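These notes are about the structure you will find just below.
Labels below follow one simple rule: chain letters A, B, ... track the order of the sequence lines, proteins then strands, and each chain is numbered from 1. Quick note: numbers below take in every heavy atom, side chains included, and nothing from hydrogens, waters or symmetry partners. All values reported here derive from a predicted model rather than from experimental measurement.
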There are 2 protein chains.
Amino acid sequence: MVSDTYEKILDAAERLMVSRGYNAFSYADIAPEVGVGKATIHHHFPTKADLAAAVLARYRKNNRRHVEGLFTAVIDPVARLEAYIGFWEDCIRRQDMPFCIGALLASEIPSLPDAVVQQVRGHFADLSSWLGAVIEDGVAKGRLKAEQGTAVTAECLMASVHGAMLAARVAGSDPAVFSAIARRAVDQLLTAATGDQSPAESQAVPTVTAGGARGP
Amino acid sequence: MVSDTYEKILDAAERLMVSRGYNAFSYADIAPEVGVGKATIHHHFPTKADLAAAVLARYRKNNRRHVEGLFTAVIDPVARLEAYIGFWEDCIRRQDMPFCIGALLASEIPSLPDAVVQQVRGHFADLSSWLGAVIEDGVAKGRLKAEQGTAVTAECLMASVHGAMLAARVAGSDPAVFSAIARRAVDQLLTAATGDQSPAESQAVPTVTAGGARGP
DNA sequence: GAGCTTCAACCGACCAGTTGGTAGAGAAAG
DNA sequence: CTTTCTCTACCAACTGGTCGGTTGAAGCTC
């Protein structure tokens with residue numbers, strides 16, 4: 001099987017990538033965290049691109065498993081979307097994984113090795129196809145609406161979630177900021193006849209207060 | 001007033017930051033592009049944090065000017081939002097400035113110097129307060145709706161736009177992908193009585209195709 | 001105007017520290 | 001005896017940043 005060190009290197013790299021992206025972490029950061037020399041990391045992952053691609057590949061695999069589990073465990077399409085949002089809410093609140101690696105690396109694409117870019121593209125494809133499937137099912141069951149088609153609707157929801165993560169990070173990793181935006185994006189997909197299940201649970205409105213520049 | 005070199009350094013730094021973020025560009029990249037020595041850059045901007053903060057400060061100033069000009073030049077609130085989206089559409093199409101620096105740096109926040117983080121926060125505040133003002137005016141004129149309040153609505157629209165930029169970058173800086181998402185976010189704010197001005201101009205639906213499948 | 005000072009702009013050379021990556025050898029285990 | 005894993009030591013290239021010094025225009029005095 002895969003060695004213990006191998007997995008621990010991936011863990012450390014993932015943690016660093018979530019908070020710093022691709023360009024701002026180094027082998028020297030990982031080595032002491034795992035308790036091995038730099039050369040050991042190179043033994044398992046010859047180049048930095050290999051390492052980052054491996055982190056993303058594992059991340060995608062876990063993500064797909066989690067998300068497919070959600071699909072079978074939760075029958076109601078609305079509840080599925082809410083569980084998905086809730087997952088990220090928890091991640092941000094618990095401060096482990098306070099950002100989607102795929103989305104983070106997407107912004108760095110022009111300075112990323114090809115192998116990594118491919119994984120990022122793959123992640124976006126994974127996600128939008130899952131959201132598409134959930135929405136399509138929701139439309140069929142009359143619980144969701146997608147007037148412009150399921151594909152664009154999924155793309156829009158995904159964009160809202162990513163934008164919400166960004167806003168939350170700007171607000172100091174505030175899960176309330178994420179929720180306020182992401183949950184409203186889901187609410188907009190609800191059909192009018194969905195009064196019983198998800199009664200627009202009127203969140204408080206956490207405005208993003210500024211750094212230095214908010215005028216009186 | 002300010003020297004020519006000073007401005008050219010800011011230009012080069014801005015260009016590099018748009019495509020690479022903060023951590024993946026260096027003084028050595030800028031120097032040859034401007035045609036000066038590294039030491040000259042340090043003369044104008046003692047540290048990298050100073051340089052990045054100055055780039056952001058100028059970016060914000062230009063942005064505020066542009067956006068306030070839009071506010072006075074365009075009277076219809078819906079047209080204002082469409083002009084704002086159209087601006088980014090053009091930026092992506094022309095391939096200069098294919099991303100908002102503020103949003104890009106926001107994802108790097110945990111690894112950014114304080115002075116830069118403050119500018120990023122400031123930019124988000126600038127933007128959300130402008131969008132808030134446009135939406136509020138639109139609501140007053142009966143052209144837009146903001147059931148959850150103007151602040152959250154503005155925050156949501158901003159998130160959609162940022163998410164759309166991300167999706168466009170993943171799709172290889174495709175302006176059509178940006179438009180499909182961002183324009184739909186605006187459409188959702190329209191009141192039902194807005195059939196005359198903005199007749200839901202049924203965009204083609206460019207799906208983000210996955211993996212390596214994008215043509216050259 | 002000559003002679004002097006001041007000062008921002010600029011430069012090449014240099015600095016210590018870090019980057020991703022390599023060489024070769026020692027364990028350990030089948 | 002090979003394979004896998006790990007180590008120390010090393011590498012050239014690059015990082016942000018400093019150093020002392022040159023240029024040239026502006027300001028001042030006589």
Side-chain angles (χ1 to χ4, degrees), chain A residues 1-17 19-58 105 108-117 119, chain B residues 1-17 19-58 101 105 108-119:
Chain A
M1 254 330 196
V2 283
S3 88
D4 189 51
T5 307
Y6 182 93
E7 216 71 33
K8 276 160 82 176
I9 293 171
L10 282 180
D11 289 342
E14 189 176 82
R15 235 173 300 133
L16 284 162
M17 283 169 69
S19 73
R20 318 228 275 247
Y22 179 82
N23 292 297
F25 84 95
S26 75
Y27 277 50
D29 295 325
I30 300 176
E33 211 163 319
V34 180
V36 297
K38 273 196 329 171
T40 302
I41 308 176
H42 278 287
H43 169 74
H44 292 284
F45 308 95
T47 71
K48 196 184 180 186
D50 291 329
L51 174 56
V55 167
L56 269 167
R58 191 184 66 164
L105 295 194
E108 297 187 281
I109 279 182
S111 69
L112 252 37
D114 275 0
V116 182
V117 174
Q119 289 292 336
Chain B
M1 210 39 99
V2 283
S3 90
D4 188 49
T5 307
Y6 181 93
E7 216 71 34
K8 277 159 81 175
I9 293 172
L10 283 181
D11 289 342
E14 188 176 82
R15 236 174 300 133
L16 284 162
M17 282 169 70
S19 74
R20 316 227 275 246
Y22 179 82
N23 293 296
F25 83 94
S26 75
Y27 277 50
D29 295 326
I30 299 175
E33 209 165 320
V34 180
V36 298
K38 269 195 336 169
T40 303
I41 308 177
H42 280 287
H43 171 72
H44 291 285
F45 308 95
T47 72
K48 198 185 180 184
D50 291 329
L51 174 55
V55 167
L56 269 168
R58 191 185 67 163
I101 301 191
L105 294 194
E108 296 186 282
I109 278 183
S111 68
L112 251 39
D114 275 359
V116 181
V117 174
Q118 247 176 284
Q119 289 292 336

(request) Would you classify B:Phe25 as touching base, sugar-phosphate or nothing, given that sugar-phosphate means primed atoms plus P, OP1 and OP2, and contacts are heavy atoms under 4.0 Å? (result)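 The answer is sugar-phosphate, as B:Phe25 gets under 4.0 Å only of primed atoms, P, OP1 or OP2.
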(request) Name the nucleic acid region contacted by A:Ala39, choosing base, sugar-phosphate or nothing; use a 4.0 angstrom heavy-atom cut-off, strictly under. (result)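 A:Ala39: base contact, heavy atoms under 4.0 Å.
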(request) Classify the ring geometry between A:Tyr27 and A:His42 as parallel (under 30°), tilted (30 to 60°) or perpendicular (over 60°). (result)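 Geometry flag for A:His42 against A:Tyr27: parallel rings.
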(request) When you get a sec, tell me which of C:dA9, D:dT6, D:dT18 is the closest nucleotide to the side chain of A:Thr40? (result)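 Of all the options, the side chain of A:Thr40 is nearest to D:dT6.
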Please state how far atom [atom1] in [X] lies from atom [atom2] in [N], giving the value in whole angstrom units.
X	N	atom1	atom2	answer
A:Ile30	C:dG21	CD1	P	11 Å
A:His44	D:dT3	NE2	C1'	14 Å
B:Phe45	C:dA9	CZ	P	11 Å
B:Ile9	C:dC10	CD1	C1'	10 Å
B:Ile41	D:dT18	CD1	C1'	15 Å
B:Asn23	C:dT19	CG	P	11 Å
B:Lys8	C:dC10	NZ	C1'	13 Å
A:Tyr27	D:dC7	OH	P	15 Å

Tell me whether the OP1 or OP2 atom of [N] has a side-chain N or O from [X] closer than 4.0 Å.
X	N	value
B:Ser26	D:dC14	no
B:Thr5	C:dA9	no
A:His42	D:dT6	no
B:His43	C:dC10	no

(request) Ignoring hydrogens and angles, answer whether the base of C:dG20 and the side-chain atoms of A:Lys38 contain a donor-acceptor pair closer than 3.5 Å. (result)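 Looking at the base of C:dG20, it does pair with a donor or acceptor on the side chain of A:Lys38 (distance under 3.5 Å).
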(message) If you compare all heavy atoms of B:Ala53 against all heavy atoms of B:Gln119, which two are closest, and at what distance to 0.1 Å?
(response)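 That would be O-CG, 3.9 Å.
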(message) Please determine whether side-chain contact (heavy atoms from CB on, under 4.5 Å) holds for the pair A:Asp29 and A:Glu33, giving the CA-CA distance in whole Å, both sets of side-chain angles, and the decisive distance to 0.1 Å.
(response) CA-CA 7 Å; A:Asp29 295 325; A:Glu33 211 163 319; 5.7 Å; no
(request) Evaluate the criterion side-chain contact (heavy atoms from CB on, under 4.5 Å) for residue pair B:Arg58 and B:Asp11; output intermediate values, then yes/no. (result) CA-CA 10 Å; B:Arg58 191 185 67 163; B:Asp11 289 342; 3.0 Å; yes
(message) Whether the side chain of A:Glu108 engages the backbone of A:Gly21 through a donor-acceptor N/O pair (distance < 3.5 Å, no angle test) should be reported.
(response)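 Pair absent, no side-chain N/O of A:Glu108 close to backbone of A:Gly21.
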